[in-house]
Amino acid sequence: MYTEKVMDHFQHPRNVGEIENASGVGTVGNAKCGDIMRIYLDIDENQIIRDCKFKTFGCGAAIATSSMATELVKGKNIREAMEVTNKAVMEALDGLPPVKVHCSLLAEEAIHAALWDYAEKHDIKIEGLVRPKNDIHEGEEGEEEDY
Amino acid sequence: MYTEKVMDHFQHPRNVGEIENASGVGTVGNAKCGDIMRIYLDIDENQIIRDCKFKTFGCGAAIATSSMATELVKGKNIREAMEVTNKAVMEALDGLPPVKVHCSLLAEEAIHAALWDYAEKHDIKIEGLVRPKNDIHEGEEGEEEDY
Amino acid sequence: MSRLIYLDNAATTKTAPEVVDAMLPYFTEHFGNPSSIYSFAAANKEVIAKQRETIADALGAKANEIYFTAGGSESDNWALKATAEAYAAKGNHIITSKIEHHAILHTCQYLETRGFEVTYLDVDEDGVVKLEDLKAAIRPTTILISIMYANNEIGTIQPIREIGEIAKEHGILFHTDAVQAFGQVPIDVDACHIDMLSASGHKLNGPKGIGFLYIRTGVKIRSFVHGGAQERKRRAGTENVPGIVGLGTAVDRAVRTMKERTVKERELRDYLIKRISEEIPYCRLNGHPTDRLPNNVNFSFRFVEGESMLIRLDLLGICASSGSACTSGSLDPSHVLLAIGLPHEIAHGSLRMTLNEEITKEDIDYVTDNLKEIVALIRSMSPLYEDFMKKQAK
Amino acid sequence: MSRLIYLDNAATTKTAPEVVDAMLPYFTEHFGNPSSIYSFAAANKEVIAKQRETIADALGAKANEIYFTAGGSESDNWALKATAEAYAAKGNHIITSKIEHHAILHTCQYLETRGFEVTYLDVDEDGVVKLEDLKAAIRPTTILISIMYANNEIGTIQPIREIGEIAKEHGILFHTDAVQAFGQVPIDVDACHIDMLSASGHKLNGPKGIGFLYIRTGVKIRSFVHGGAQERKRRAGTENVPGIVGLGTAVDRAVRTMKERTVKERELRDYLIKRISEEIPYCRLNGHPTDRLPNNVNFSFRFVEGESMLIRLDLLGICASSGSACTSGSLDPSHVLLAIGLPHEIAHGSLRMTLNEEITKEDIDYVTDNLKEIVALIRSMSPLYEDFMKKQAK
Ligand SMILES: Cc1ncc(COP(=O)(O)O)c(C=O)c1O
Ligand SMILES: Cc1ncc(COP(=O)(O)O)c(C=O)c1O
């Protein structure tokens, strides 16, 4: 069901890990839905993303989109990073099955959340960036979905 | 679905034919239901059935029961012939499938009808014999049955 | 019995050896559940998609409009019951014909017990639905017209395109039971404005227990079998992978061989009709003389009862039927033969012979020669024939 | 991929070669329609009767109480919908459980839209229906209790005899979905007071697309598929002769091999459970520890998402599932795991492995060794695990 690129990034995810004292960290997703992504950014004084790492709880597509998203933003400046949309991630992976498109959205959101964190910490404003939705962690309860 | 005996009487029906100037003739059944039996009896002055013939429009069981019924009554006197019930015919044939039991009833009725005809013509009364139901011939119309 | 001449291809067909070959790997080798995630089962998902395309192509439909079922009866039940339910707010009236298969008629009768009203259209003496009657039957509450593509007993092919046009004009859904027609005549769901179509694998040299319902995109239809998310959530149940592969292979084969096969069958059909018509007195060809399935021959013989004829044919290795197989065991004459105006006792004396591509002219001659004798023999035992001949003699 | 370890036998099984062999003659040789009158088809009628007896014997039932269907989903739909209809005059209340298969749950939801009321019983943390809850749920209008014999995800076997007794005491019909249990545990419909029972061929090394519904004599039940007179007029459609022969052969085989097979499976199941429990931290065995299907293992691993686990296992040639195959593709965690009280994110990290008789201890070791690594790897990538370890460190 997955493309070769997705399988490659799933099997050999790039940039897994944490960055200590990261410039920005964003966690998005919802354990209830089965996907949580956390992105760490190391941004230098020229607003260039020097390094980027991720940790993801989720399906194959969630891991692969996280991995691809970190690859895409690394080395870019924050304005360019804002242009790494879910579409860009999907294209770079040669596509995703329809039920998995939300994973690419999550990857985009995770980057934005990390950038937001960076912007808040450094008290700057990044054009087009909005406050990320609240992160949801393990243990949170919700109603059962309709099936 | 038929026993060997039924198949034998179907393939090699005994006593097919007509008897000219028969002592009694009875036709029963209903073309609408797909079975009509006609029995010819040649009865001598001692009320012995000297000969018996049949003609039948009907399924395999109808033909076989007609054939067996004629065999069973031949040589009997009319009182004995009254004892050739549908059960006797069925037994002699080693049984019939449930949906075909009515054929043996028809054979019994046909004999009774022929005996009735004989009794009427000779103005005698045969114990236990009742007037046969009206014969129904080709071309008669009826309502469609429920299915 | 050495010789077997199988002339009951409307009841069921031999599964083609190439169909069985195609199915075999999916029993013991690629046996995975197509809904599973692992690569071992992925091929099964793909092979199903492929069959869906093959079938859609055969109808001028789209692959996602084909829904696999367990056969013609389920398809018919689904089409009628689920449409009735989905469109109940629009109306409660259904139009069908008196010569439909029981899978349609009994479902309609069931729906009548649930508050639906059903018009059962008469047919003419050839078994053709009268378009004027159809138009006249339409009400503002009519939600569905269900008319079979071709009849299983007498082989008459309906004016499907015209019926589809009438349905379309009035904004009414049109379902056709094509269980007998599919694989025998070219079908185009768009040209005929067909919204739903039923078919069954075992009628076209595919396996038993598999069929499909074509449902045009946009038709609101509910599920009939609720449960898992198979068939785009419209028909639950683990996919019958070998069955689906068998069906697809059979459809492919039927389409590929249709022209050559039916030319040959039509020729033999007409030869059989000619010989019987000319050589056996007091008979009647049932069904339309030309607008009939290429393999269908149906005759009534006066003064003859069907079962006796069938058994005598069987003793000679000839498989044929009288009425439809589904109702044999029943004592009622065929509702189809009654609907084309046959009196009961003539309806009882009907014989259906449905050919396949393996039948030869020699077979047809063997059948006709024997049939002549059988009919004569049965008549010689028939009190109805006796009466008739005496009347004639006067 | 060279090695294939198929641990998804609850999703579907390999059709046993002897089953395929038994089916084969009925495709191309004895292909006749069993309803036909000629001797060519008579053998097919007989072979069906024989399968019906084999199956009835396996349940302590009578042959004429077995009705063939297209599979478990149809059987479930039939049992519920047709009972609801037939007993509507008596009442409109149905009791089932929260852990039924979707073929039951979605059918119940459908019935709710048609005016029926359904109680979905909770289960305890092992997945067992609470008998007190069941008794308390009974109303004067209750017409049917439908509780599965054994669960397809967590393998828990219900106290069927006790449930049957409660149903009987209250004069309520009792249906059980035995799709997973049949062939794995001995079933006696009389001892358990079962009035209806669903089963499916492909779950016990039989073919896909065939199943049956047991209906106790005396139960008023309507048809679900209307049409021809097959299955004593209760289920229309030309009989799937090869399918029925396959099912009968598979049942015969399952009964014959049950004891030996399940002893072996139980041993390996418990070995697998033991190794995982002891060697992988933060895991939980789902389902009852002992009252569970002999071949079912189901674990949840905290901080792990199921699909990643499945794909990594797949890459090693191991077929397993997370939730049930029917609902994969859906993003919702299994309703069964939620019903036994698992939080959503833990339910997402569940793994079902269902054994068959071909699995060896060596396979189990291979699976466990790899699973350990996979779980560790996935956790090393999980932000939830990171947070958890940091909290632990404090
Ligand atoms: C418990 C249970 N009931 C019903 C079904 C449905 O059976 P089938 O897929 O054969 O229709 C299944 C399997 O999918 C099952 O596990
Ligand atoms: C016209 C027609 N419709 C429906 C059916 C039912 O198909 P199946 O027996 O495959 O369910 C048949 C055949 O029996 C048929 O001839």
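Worth knowing before you read on, the calculation uses all heavy atoms, side chains too, and leaves out hydrogens, waters and symmetry mates. Everything numeric in this text was worked out from a predicted model, so none of it was measured. Order of the sequence lines fixes the chain letters, A, B, ..., with proteins taken first and strands second; residue numbering starts at 1 for each chain.
- Expressed to the nearest 0.5 Å, how far CG of Leu310(C) lies from OG of Ser36(D) amounts to 9.5 Å.
- In this structure, Lys208(C) NZ and Ile210(D) CD1 are separated by 12.0 Å, a value rounded to the nearest 0.5 Å.
- Only the side chain of Asn77(D) comes within contact range of chain C, judged by heavy atoms closer than 4.5 Å.
- The side chain to side chain contact (heavy atoms under 4.5 Å, CB included) test with Ser39(D) is passed by exactly one of Ile311(C), Asp314(C), Leu4(C): Asp314(C).
- Neither the backbone nor the side chain of Ala41(D) comes within contact range of chain C, judged by heavy atoms closer than 4.5 Å.
- Near-neighbour residues of residues 21-32 of chain C relative to chain D, defined by a heavy atom under 4.5 Å from a heavy atom of that chain, comprise Met23(C), Leu24(C), Phe27(C), Thr28(C), Phe31(C), Gly32(C).
- Interatomic distance, Gln230(C) CD to Ser73(D) OG, rounded to the nearest 0.5 Å: 6.5 Å.
- A distance of 6.5 Å separates CG of Asn33(C) from NZ of Lys203(D), quoted to the nearest 0.5 Å.
- Contact of Thr13(C) with chain D is made through the backbone alone, with heavy-atom distances under 4.5 Å.
- Only the side chain of Val20(C) comes within contact range of chain D, with heavy atoms under 4.5 Å apart.
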Quiz prompt | Residues Tyr38(C), Asp8(D); criterion side-chain contact (heavy atoms from CB on, under 4.5 Å); working and verdict | solution = CA-CA 10 Å; Tyr38(C) 33 77; Asp8(D) 204 12; 2.5 Å; yes

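- With Lys81(D) contributing its side chain and Phe224(C) its backbone, the two residues share a donor-acceptor pair below 3.5 Å.
- You'll find the side chain of Thr238(D) stays beyond 4.5 Å of the side chain of Ser200(C), heavy atoms only.
- The shortest non-hydrogen separation linking Arg235(C) to Ala70(D) is NH2-CB, 4.0 Å.
- Expressed to the nearest 0.5 Å, how far NZ of Lys233(C) lies from NE2 of His106(D) amounts to 8.5 Å.
- When Asp76(C), Leu313(C), Asn240(C) are compared by the number of non-hydrogen pairs under 4.5 Å with chain D, Asn240(C) comes out ahead.
- His226(C) is not listed as a side-chain neighbour of Gln109(D), based on a closest heavy-atom distance of 4.5 Å or more.
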